[in-house]
Number of protein chains: 2
Amino acid sequence: MQSIAPELAELAGLIADPGRASILSRLMDGRAQTASELALVAGVTPQTASWHLARLAERALLKVERRGPRRFYRLATPLVAQMLEGMMTVAAIDPRPSRPPPRIDAEMRRARTCYDHLAGELGVAVTDAMRRHDHLNLDQEGGELTASGRAFLGDLGIDLHAPARSRRVLCRPCLDWSEQRLHLAGRAGAAIADLALQRDWIRRRPQGRSVEITAAGLVAFRDLFGARI
Amino acid sequence: MQSIAPELAELAGLIADPGRASILSRLMDGRAQTASELALVAGVTPQTASWHLARLAERALLKVERRGPRRFYRLATPLVAQMLEGMMTVAAIDPRPSRPPPRIDAEMRRARTCYDHLAGELGVAVTDAMRRHDHLNLDQEGGELTASGRAFLGDLGIDLHAPARSRRVLCRPCLDWSEQRLHLAGRAGAAIADLALQRDWIRRRPQGRSVEITAAGLVAFRDLFGARI
DNA sequence: TGAACATTTCGATCATGATCGAAGCGTTAC
DNA sequence: GTAACGCTTCGATCATGATCGAAATGTTCA
């Protein structure tokens, strides 16, 4: 019985090292990072990181981009991000009573980006608020924006028309691994995150994937979205 | 920066062994299998398989059920299946020119179940047919059944009302790793697979996840669904 | 109780791959 | 051209875990 099991094992092997897992996790915000930065994140020397990065890039999990003497690495495709998302969801659930639940950095839990949309308490709060106001229906396997939701986002200046070539869907649930709750992903989720960055409601922290909610952001999320945060 | 990277690596490590990957892949049809059967699939001795199974069960990727002297193993939750689905999708894409594309068993490619819905050529053909007949809209991140689609499935005797407790969505895309195309998953996908099994359009093969399309099935999929298969 | 069978546990062996020091390569800036 | 810097390649070492034979456990059935 030929199956993809060997390829599955090989792929998993690439993620099975703590250093490489840290690197992939760090790149989950969709941005590119230098090899040095990723070595720091992985907690290994540059040589070792280089070896890890080469393996990930060879298997096309990462894309590399040379800018001067530096090399920037990023996730190769959104498909890779989506796969990691699914793995993190399972990774965050560990029912072994002996094991303490993974201690997640407070900033990370509070607010972060998940590839292109909001996650953490903020992501879940915004999603919940939109559901409460009947802007959104969302469940485990799918979601849709209501007419009122479209109007709401339209009023915020979000253009929901898909780029001509994109067949990407508007709403998609993403299981938040730190909150164990659903948050909004898909084109709508990405648009909200873009808007928040653009209006300085959130700011990316220099390192890590977590984002800082600005004072203006707190007001905006509470007053405009009705988020309980 | 505390993150789930260590848990992610540990989880990946569990899948990173060819034997365990074979076992997980085998269980992707959602059914339970005995330890002996899984040892065969993994190509290892029963002792070794037992060791693998214990690790997978300890981490709650598998559930074990004792029936007499046998132990039946199955995937612990649909979440695990969904994670594996995402990994297989990436595993099936290997752009390294040196590597030959994974040779997938012809039966497996033709028709199989993916946890609870149809996959392979059959799954894609049925999905395509439903899209052609405007029964279904489906893209990378979501999907919906049209009014005509609901009527179509209703006429086939499929009850699309969700069980009271279930918030499971009707339509979800699932990227078929052997066909590199989308097929239908979610409650609707599962209902179609159930119907096909019930009406003997497909039969599960004793081993492996592939299914056999019966003569009646070929007629049904072609005439009722309009599938090009 | 004892025989048959499925599965697990134990113990020893062996292979894979993660690691870092040292050295090499490429790009940029002066 | 040459120095500085980021990154990679090479080589040697070391730890982890996959494997199976042998033996133990547990379940069913007579």
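In this text, all values refer to a predicted model and were calculated from it rather than measured experimentally. To find a chain, count down the sequence lines: A is the first, B the second, and so on, and within it residues start at 1.
One can place CZ of Arg70(B) at 13 Å from P of dT8(C), the figure rounded to the nearest angstrom. To the nearest angstrom, C1' of dG26(D) lies 18 Å from CZ of Arg67(B). Spacing between atom CD of Glu37(B) and atom P of dC5(C) amounts to 19 Å, rounded to whole angstrom units. Straight-line distance from the CG atom of Leu14(A) to the C1' atom of dG17(C): 12 Å, rounded to whole Å. The distance between atom CZ of Arg71(A) and atom C1' of dT28(C), rounded to the nearest whole Å, is 14 Å. One interatomic measurement links the two molecules: CZ of Arg66(A) to P of dC25(C), which rounds to 14 Å at whole-angstrom precision. Taking atom CG on Leu53(B) and atom P on dT8(C), their separation rounds to 7 Å, with Å as the unit.
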For nucleotides 18-22 of chain D, list the nitrogen or oxygen atoms of the protein found under 3.5 Å from its nitrogen or oxygen atoms, one pair per line.
from, atom 1, to, atom 2, distance (Å)
dA18(D), OP1, Arg20(B), NH2, 3.3
dA18(D), OP2, Arg20(B), NH1, 3.2
dA18(D), OP2, Arg55(B), NH1, 2.8
dT19(D), OP2, His52(B), NE2, 2.4
dC20(D), OP2, Thr45(B), N, 3.3
dC20(D), OP2, Thr45(B), OG1, 3.1
dC20(D), OP2, Thr48(B), OG1, 2.9
dG21(D), N7, Gln47(B), NE2, 2.5

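The pair Glu65(B)-Arg74(B) meets the salt-bridge criterion, with a side-chain N (NZ, NE, NH1 or NH2) lying under 4.0 Å from an Asp/Glu carboxylate O. A salt bridge is absent between Asp29(A) and Arg112(A): the closest approach of a Lys/Arg side-chain nitrogen to an acidic carboxylate oxygen does not fall below 4.0 angstrom. The pair Arg172(B)-Glu85(B) counts as a salt bridge, with a side-chain nitrogen and a carboxylate oxygen less than 4.0 angstrom apart.
Using a distance-only test at 3.5 Å, with no hydrogens or angles considered, no donor-acceptor pair links the side chain of Arg199(B) to the main chain of Leu195(B).
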Item to complete: Could you check Ser25(B) against Ser22(B) for side chain to side chain donor-acceptor pair (under 3.5 Å), going step by step and ending with a plain yes or no?
Response: CA-CA 5 Å; Ser25(B) 176; Ser22(B) 300; over 6 Å; no

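From Leu27(A), atom CG reaches atom CG of Leu62(A) across 6.0 Å, with rounding to the nearest 0.5 Å.
The Ser50(A) side chain lies nearest to dT9(D) when the options are dA6(C), dT9(D), dT8(C).
Nucleic acid contact for Phe72(A): none, since no nucleic acid atom lies under 4.0 Å from a heavy atom of the residue.
Between Tyr73(A) and dT8(D), a side-chain N or O to OP1/OP2 separation shorter than 4.0 Å is present.
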